Peer 1: 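What follows is a structure written as C-alpha cells; I'll ask about it next.
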Amino acid sequence: MQALYFGDAVGNERLYLHGEGVVPPVREAVRQVEPNRLPDRLVEEVITIACKAGDIRGLITQLELRLRLLQDGIQPWHLWMEAGAGSTPIGAPLLGGRLELLGGGTADRLRGFQGLRLRLVRRDWLAEIPDSVPLQNAHGVDVVDGLTVFNHADSGSGHVNFCDVKGNQILGSQPQPVRLILEVGGPAIRRLGKIVVSGGIDLWNEAGSFDHVLEGESASAGAGCSATSAVPSSSASNGIYQTFQWSVVTECAVLRWTISNERLAWLAGRGLHPVARFQTAPPANTRWRWRLLAADGSTQLDQSALVLLDSASQLQVLPAFFPPTPGSTAPYQACVLEAWLECTTAGVKQIGLDFVQLFPLENFAIFQPVGGIDENHNLVMDWTSGECFSEAEADGAKLVTHLVSGSAIALYPQRNHRIYLLYETDTGFAISDIVRLRVEAGARWLNL
C-alpha cells in the first residue's frame, strides 16, 4: 500500500499513518489485510501503528480527538488509502472507532517507543472521491458541465426530459449512489416547486430504448367515459391533449391504453410510478386507480391503490403498480392499463390529460417544495450523505427549499442508466421550460 491516512470527505486535513506524508513519531503502520466483518454490512479496519521518538503523546491526542469529534457528530472523517504511486485514493466515511495501547503502554513510551492499534468501523465498501459523470441526450454527448433537459418528451426536436449514462464509463464493482445537481438557470424568472426524479438500468441501448410516454390523445375511452375530445394546443406535448368526461359519482373506467410486450420487456418485471401532466388541474375530490387487464380486456390481473389527486396542480403523481407477467409461453405479454376515476361531486366531470410518463419505481424520488427554488440557485441531492439543499450560484450559501422522499438514484458499473425529470413551477407545468442536470459519483469496491 502506497499511503494510508485520515482525511475529510475530499481527502484534505490529512493525518498520515503510512506513506510519504508520515511524520514522527509514526514509524510504520500495518493494515490488517482482511477487515473484521460486523453485522449490518459493516466492517472493522484494524491498523497497527509503531511509534518511535517524536511526540507520541501528541499523536495519541490527535487520534483520540478525531475519534471523539466523529463519535459526537461534530466532524466526519474518512479513512483513505492509495494502492500504488499515482493511484486514485479510495476510502469510506468512518462510523466510529477506538484506539488501544499495545505492549507495555506508557512504560514503553518512557523508553521512546509505543505500539498503537486503531479499530475503525466503516461500511463494507470503499469509494473514490465523487467526480462528474458524462451525460448524453439530444443536446450533447459526454457532457460534464450541465446537460439541458426539457420538461417533457415528445417528437419535437430536442424535446427530451431525460439524460443517459453509458455503462462502460461507470467503474468499480458496486452500485454508486449519485450526487444530482439541478441547475435552474435563466433567463426565465420562475420558482420550481414539485420535482420528480426517476431512473433505472438497462432502459436504453444502441438499438432502442424504453418508451416511457403515454400521450393523452392515444388513450381510448373506458366504459364509464361519456365523451372525449382531442384539443390542439401549442402548450401541450405533441401539440394536443385529450379531454375525458364522466358523470357517475362512483368509481368507473374512464380511459385506457394497451401496453405492448416490447414495452414490458424493457422493464424486465420492474415496477412503475406514473406521473401525469394535466392541461388544467383536475376537479376537486377526484381519485385515480389503475386496473391492469389481459390484452383482450376480459380478465382483471391486478389493481393499484386509489390515490387522491391534487386539485391545485397540473403535475400528478399517480399510483404505483407492477406490470403483470402472465402466461408460460413468454415472460412479458401485452396488457391493458385502465384508469378508474372516482369523484363524489354530482354532474359531469372532466379532465384534460396531456400525457402520463411511466417512471421506474426503483429510483423514484419526489421533492416537495418548502418555498421552492428560483433561477439563482441549484438544487443538490447527495444520496451518499443523504443531504438535500439548494445552493446559491453567487456565493454558495445553502438553504432548504425542498423535502425529498423516495429511493436513491444509484449507478451500476457496466450497465446503461437513464435518469428522468419532470417539475412544476409557480406558474404551472410549462412543457417548454428547460433546466440543466449534472451528476457526480465515485467508483466503489468491496476490497482494495
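Remember, predicted model here, so these are calculated numbers, not experimental data.
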Peer 1: Are any of the side-chain nitrogens in D382 or R179 under 4.0 Å away from the carboxylate oxygens of its partner?
Peer 2: yes
Peer 1: Working note: V149 + V435, criterion side chain to side chain contact (heavy atoms under 4.5 Å, CB included); need CA distance, chi angles, decisive distance, verdict.
Peer 2: CA-CA 6 Å; V149 293; V435 294; 3.6 Å; yes
Peer 1: Set out, in order, the CA-CA distance, both residues' side-chain angles and the distance that settles side chain to side chain contact (heavy atoms under 4.5 Å, CB included) for V144 and D131, then state yes or no.
Peer 2: CA-CA 9 Å; V144 296; D131 199 2; over 6 Å; no
Peer 1: Taking all atoms of both residues into account, what is the closest heavy-atom pair of D154 and E215, and its distance?
Peer 2: CB-OE2, 4.0 Å
Peer 1: Is a side-chain donor or acceptor of W290 paired with a backbone partner of P319 at a separation under 3.5 angstrom?
Peer 2: yes
Peer 1: Please report the closest heavy-atom contact between E424 and L315, naming both atoms and the distance.
Peer 2: OE2-N, 3.2 Å
Peer 1: Fit a plane to each ring of H139 and F150, take the angle between them on a 0 to 90° scale, and name the class: parallel (under 30°), tilted (30 to 60°) or perpendicular (over 60°).
Peer 2: parallel
Peer 1: Check the side chains of Q357 and N161 for a donor-acceptor pair under 3.5 angstrom, ignoring hydrogens and angles.
Peer 2: yes
Peer 1: Might you work through the side chain to side chain contact (heavy atoms under 4.5 Å, CB included) test for K166 and V141, ending with a clear yes or no?
Peer 2: CA-CA 10 Å; K166 291 182 281 190; V141 176; 4.2 Å; yes
Peer 1: Restricting to non-hydrogen atoms, name the atom on P232 and the atom on A230 that form the minimum distance, rounded to 0.1 Å.
Peer 2: CD-O, 3.7 Å
Peer 1: I need the L214 CG to L358 CG distance, nearest 0.5 Å.
Peer 2: 4.0 Å
Peer 1: Check R291, R289, R256 against E338 for a side-chain hydrogen bond (donor to acceptor under 3.5 Å, both in side chains) and give me the one that passes.
Peer 2: R256
Peer 1: For P274 and A320, which heavy atoms make the closest approach, and how far apart are they?
Peer 2: CD-CA, 4.3 Å
Peer 1: For the residue pair Y420 and F359, does the interplanar ring angle fall in the parallel (under 30°), tilted (30 to 60°) or perpendicular (over 60°) class?
Peer 2: parallel
Peer 1: State, yes or no, whether a side-chain contact exists between L448 and R31 at a heavy-atom distance under 4.5 Å.
Peer 2: yes
Peer 1: Is atom CZ of R270 surrounded by more than 12 heavy atoms (other residues, nucleotides or ligands) closer than 6.0 Å?
Peer 2: yes
Peer 1: Could you check if a side-chain atom of F6 sits within less than 4.5 angstrom of a side-chain atom of L94, using non-hydrogen atoms only?
Peer 2: yes
Peer 1: In terms of relative ring orientation, are H212 and F162 parallel, tilted or perpendicular, with 30° and 60° separating the classes?
Peer 2: perpendicular
Peer 1: Short question: side chain of K349, backbone of G347 - any donor-acceptor pair under 3.5 Å?
Peer 2: yes
Peer 1: Taking the side chain from D164 and the backbone from N137, do they hold a donor-acceptor pair closer than 3.5 Å?
Peer 2: no
Peer 1: Can you tell me if I74 has over 12 outside heavy atoms packed within less than 6.0 Å of its CD1?
Peer 2: yes
Peer 1: Around Y412, counting heavy atoms of other residues, nucleotides and ligands shown, do more than 12 lie under 6.0 Å from its OH?
Peer 2: no
Peer 1: Does CZ belonging to R66 count more than 12 external heavy atoms closer than 6.0 Å?
Peer 2: yes
Peer 1: Report yes if the side chains of V197 and L182 come closer than 4.5 Å at any heavy-atom pair, otherwise no.
Peer 2: no
Peer 1: Do R444 and P177 have side-chain heavy atoms sitting under 4.5 Å apart?
Peer 2: yes
Peer 1: Crowded around E262 CD? As in, over 12 foreign heavy atoms under 6.0 Å?
Peer 2: no
Peer 1: Evaluate the side-chain proximity of Q242 to L353: yes if any heavy-atom separation is below 4.5 Å, no if none is.
Peer 2: no
Peer 1: Answer yes or no: does atom CZ of R37 have more than 12 heavy-atom neighbours from other residues, nucleotides or ligands under 6.0 Å?
Peer 2: yes
Peer 1: Which distance, rounded to the nearest 0.5 Å, do you find between the CZ of R418 and the OG of S198?
Peer 2: 12.0 Å
Peer 1: Which atom pair, heavy atoms only, marks the closest approach of I170 to L411?
Peer 2: CD1-CD1, 3.7 Å
Peer 1: Are any non-hydrogen side-chain atoms of F278 and L309 less than 4.5 angstrom apart?
Peer 2: yes
Peer 1: For R190, which of D433, D426, T425, D374 qualifies under side-chain hydrogen bond (donor to acceptor under 3.5 Å, both in side chains)?
Peer 2: D433
Peer 1: Donor-acceptor pair, R263 side chain versus D211 backbone, under 3.5 Å?
Peer 2: yes
Peer 1: Which pair of heavy atoms, one from W204 and one from S209, lies closest together, and at what distance?
Peer 2: CB-CB, 3.7 Å
Peer 1: Check whether any side-chain heavy atom of L203 sits under 4.5 Å from a side-chain heavy atom of P360, and report yes or no.
Peer 2: yes
Peer 1: How far apart are the C-alpha atoms of K194 and F367, what are their side-chain angles, what is the distance that settles it, and do they pass the side chain to side chain contact (heavy atoms under 4.5 Å, CB included) test?
Peer 2: CA-CA 6 Å; K194 193 187 305 180; F367 297 77; over 6 Å; no
Peer 1: Is any side-chain heavy atom of H152 closer than 4.5 Å to a side-chain heavy atom of D354?
Peer 2: no
